[in-house]
Amino acid sequence: MDFLEGLNPQQRAAVAHVEGPLLILAGAGSGKTRVITHRMAHLVDVHRVPGPCILAVTFTNKAADEMRQRVVRLVGGSDPKAAPLVSTFHSFCVRVLRRDGDRLADIRRGFTKRFTIYDDDDQVSLLKSIFKGMGLDEKFMQYRAMCSWISHNKSHKLSPQDAYDSSKDARITRMAKVYDEYQGRLLQANAMDFDDLLLETVRLLSHDTNLRSQYNQRFEFLMVDEYQDTNRSQYELMRLLTGEHHNLAVVGDEDQSIYGWRGADIRNILDFERDYPNATVIRLEQNYRSTKNILDAASALVAHNKERKGKWLWTDSDGGSPIALYQAPNGENEALFIADAIDKTLKRNPNDRVAVLYRTNFQSRQIEEALRRYGRKYTVVGGFSFYQRAEIKDVLSYLKALASPQDSISLLRIINTPARGIGKTTIEQIELYALEQNLSVWEAIGRMLDENAFPARAEAALRLFRNMMQELSAYAMEDPIPTVNDVLRKVLERTGYSQMLDADETPQSESRKENLSELLNAAAEAAERGEGITEFLDHAALVSDADSVDERAPVSLLTMHNAKGLEFPVVFIAGMEEGLFPHSRSFDSEKALEEERRLCYVAMTRAEKRLYLSWAKFRRRFGGGELEQSIPSRFLKEVPQELIEKLRDEDDARQVNLHSERYAVREAVKRNLYTGKTYNSIENIGQFFAERGVKPPSMVPSAPVKRAEAATGIQKPEVRSQTTVPSPKPVPRKKPFGSGSTILHPKYGRGTVLRREGEGDDAKLTVSFPGYGLKKLVEKFAGIKEE
DNA sequence: AAGAAGTGGCTTTTT
DNA sequence: GCCACTTCTT
């Protein structure tokens, strides 16, 4: 196969480039993935470079998987071992540290290759504990803000000492102390946060010259995708890996750099030619994705930025439709307009794919509601991820605590989940002791038991807990080593977790059980691929929201950040208002504003045929808050007005309202018909594993009926699920409104009574209302009627 | 010790 | 409007 065929001259030059540094400035929609994959195939097939000597790095697992698959398809290789290594930065680093990290112990106290990865929830728990120990609370600083401050320091290679030395006031001094304590606790737990994974790999490769040399020899050719979003340590990692040769090809677009807030340094791409002298620079400026109008609008917008190399994309395609601008009277109406337009679009062409993009996740709710009114299925990317759900984190924490007893954060998470009589006071005592004696929580428990430091009841509970953990740990190490799913199953059973869920009769517990059984499936598949507990946990820590975008979904709701790298025939950008987009947090810095503008550019260039922009004159900031007047986004003015078609808002508004009030629509809302699915729903998680697994996944065994329920099921089972409630049998009853009876409520409509407590005037009912979830009502006041 | 009920406080974007 | 945290109750 000729990998140069069908490419334009610039693409061909990039693909044919072999040795030396290469910078590919690839505009939006200019076919860069094609170039990267073809170049790899070309190296393998024409230049006889062994696949494993090529390393390509991306930011998401999904991008990595797709790239790998495309290369394998191109070279027709059947042996997966002969394929290039395509990986994300983070998983590459984990791989290096777990395989070859021994020498890191020289420079990182307590490091072993069995380290734990702390995700941001773990980071927050750790900070809570540190705050408590230092007598601080969230009024001092929000945990998340503290996290980003620490992360900011780390990504700029500033140690706690550096932060301390440069601090100008007492507050920063304290923050530096928190940072110092945070690092100390990570070491004690042999844990690494996301920043550490990169930083420590860089340190390892700098320190262990032997190892560095091995890696240099192994990876002859390196490629980096989305180079504009690399940060300092990623940059250094690449420098170390290309120390002995300069066969580094990077692909990026400075106009699409949108992760500055996470430490990405746009200078990495702007200064590539300086950092790698003799670099070949190739510009891909022909856009194959969008209509001319969309492309011109986006280009004109981003031309307002100063910090760019400057390029102008061009296209062969026609002007196409103008860009539609809708001015809504309020946020709800904006959402209804979008749903209405989507409905019309998909009625006209059921095969279109639509994306609704927004700046902040909370904007999705109104749009979801509107889509539900129209009975349109949709997919939400982001928000709550599967691996963030409490039950998943609980069970994984058991695994983590078993794999590494020093991991105090995980241990504390599950020490009394399910409740086993180890209360708040007891836990506080243990934490205090651990702090004073500089021990891990596990060690502290052991010592304190030896010293008879607990009252009888707590002591008994702790002994049982300790025995249980020891027993589970012994089980996990039995010979032959049990599979991950066996260990998980044992954990669920032995810890009483399953039992706790079985005893819980709320609808939530059903969905929790489903999630856990999906986790078991995932574990079973991991086991089949030969993965152990560590690999399984690593994978769970490193999945991202973007990994689970289903590009075939007809309607997707996602943040603009998550839309990077994707394309859709029809795109809506919602909430084009000052303060929302550009976000108010970016107002005080020109740099941040430029990044917002780039984000807008990214969002606009996702569209192939049709682009809608919308804003609302009034919007409620919080659920209960006042309607606040908004100012249209400055970005709207930066788009050439002749490319915009203003939709007449009065007409559309009326139409939308009329439609939304139709009886059938209202009924649909009441019955909560159709909520589509989020990526973290059962089907999508299954699909995610299916795509990466060797064999297709065995889904949760479910009868066709149940499957139908799942399809129309609710994406946030915690709150909205009622499909999983076991349908109550109509029990003949003496009293009205007993458990199992169906009632009518003036506001919530029809509901099923799940529980009844108290007598006479005191009687309280727990009622499940489809679409509203569980409500606790006082029978006397609720104004309920028999169905 | 463990749940239920009430309250304040807040929402960028995420590997 | 939701969540996490506190206070109240048993």
Side-chain angles (χ1 to χ4, degrees), chain A residues 57-64 87-94 117-121 123-125 128 137-139 142-145 147-148 151 155 193-198 226 229-231 233-234 257-264 357-366 369 381-385 388 390 416-427 455 457-458 461 504 541-547 558-564 575 579-587 592 595-596 598-600 602-603 620-625 716 718-720 757 764 766 772-774 776:
Chain A
V57 193
T58 65
F59 277 85
T60 65
N61 297 296
K62 181 170 175 272
S87 173
T88 66
F89 275 105
H90 288 86
S91 30
F92 176 77
C93 288
V94 170
I117 302 172
Y118 275 2
D119 65 19
D120 41 346
D121 281 342
Q123 287 177 286
V124 167
S125 312
K128 274 183 197 165
D137 60 21
E138 214 168 359
K139 278 176 222 122
Q142 279 179 19
Y143 303 128
R144 300 268 170 204
C147 273
S148 11
S151 171
S155 60
D193 63 18
F194 289 133
D195 294 310
D196 284 344
L197 295 176
L198 300 168
E226 309 279 11
D229 286 326
T230 50
N231 65 20
S233 24
Q234 287 157 342
S257 159
I258 55 175
Y259 283 106
W261 53 273
R262 210 171 66 191
L357 310 182
Y358 36 80
R359 177 68 235 264
T360 60
N361 272 309
F362 84 93
Q363 288 170 267
S364 76
R365 196 193 325 120
Q366 268 188 330
E369 274 167 24
V381 180
F384 272 152
S385 86
Q388 280 177 327
N416 200 33
T417 313
R420 49 174 73 89
I422 304 174
K424 218 169 74 179
T425 1
T426 312
I427 293 172
R457 236 169 57 174
D504 180 358
L542 298 176
V543 262
S544 74
D545 290 338
D547 292 336
L558 61 168
T559 62
M560 303 184 205
H561 283 91
N562 267 327
K564 185 171 96 164
L580 238 196
F581 189 41
H583 196 273
S584 50
R585 294 273 247 257
S586 62
F587 283 167
E595 182 154 310
E596 296 281 301
R598 289 192 294 268
L599 186 58
C600 191
V602 168
R620 236 179 270 282
R621 278 174 48 95
F622 305 109
K716 283 184 186 164
E718 303 288 334
V719 188
R720 295 174 192 154
E757 294 153 288
K764 291 188 195 100
T766 307
Y772 296 95
L774 288 186
K776 212 157 185 163

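What you see is a predicted model; the values in this text were computed from it and never measured. Naming: A, B, ... by sequence-line order, numbering from 1 per chain.
In this structure, the side chain of Asp229(A) does not engage the main chain of Glu226(A) through any donor-acceptor pair within 3.5 Å. In terms of modelled atom types and a separation under 3.5 Å, the side chain of Asp547(A) and the main chain of Lys62(A) share a donor-acceptor contact. For the pair Gln363(A) (side chain) and Arg359(A) (backbone), a donor-acceptor distance under 3.5 Å is present.
Under the side chain to side chain contact (heavy atoms under 4.5 Å, CB included) criterion, Asn231(A) pairs with Leu198(A), Ser233(A), Gln234(A), sequence neighbours left out. Scanning for side chain to side chain donor-acceptor pair (under 3.5 Å) contacts around Thr58(A) gives an empty result, with sequence neighbours left out. With sequence neighbours left out, Arg585(A) forms a side chain to side chain contact (heavy atoms under 4.5 Å, CB included) with His583(A). The ring-ring contact (aromatic ring centres under 6.0 Å, His included) check on Tyr118(A) picks up nothing, with sequence neighbours excluded.
Only the P atoms considered, dT13(B) is 15 Å distant from dA4(C), to the nearest whole Å.
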- Query: Would His90(A) and Phe59(A) count as a ring pair (Phe, Tyr, Trp, His ring centres under 6.0 Å) if you check the C-alpha gap in whole Å, the side-chain angles of each, and the deciding distance to 0.1 Å?
  - Reply: CA-CA 8 Å; His90(A) 288 86; Phe59(A) 277 85; 8.1 Å; no
Using a cut-off of under 3.5 Å, enumerate the N/O to N/O pairs linking the protein to nucleotides 4-10 of chain C.
from: dC5(C); atom 1: OP1; to: Lys128(A); atom 2: NZ; distance (Å): 2.9

- Go along nucleotides 10-15 of chain B 5' to 3' and tag each nucleotide: B for a protein heavy atom under 4.0 Å from its base, S when only backbone or sugar atoms are that close, - otherwise. BBBBBB
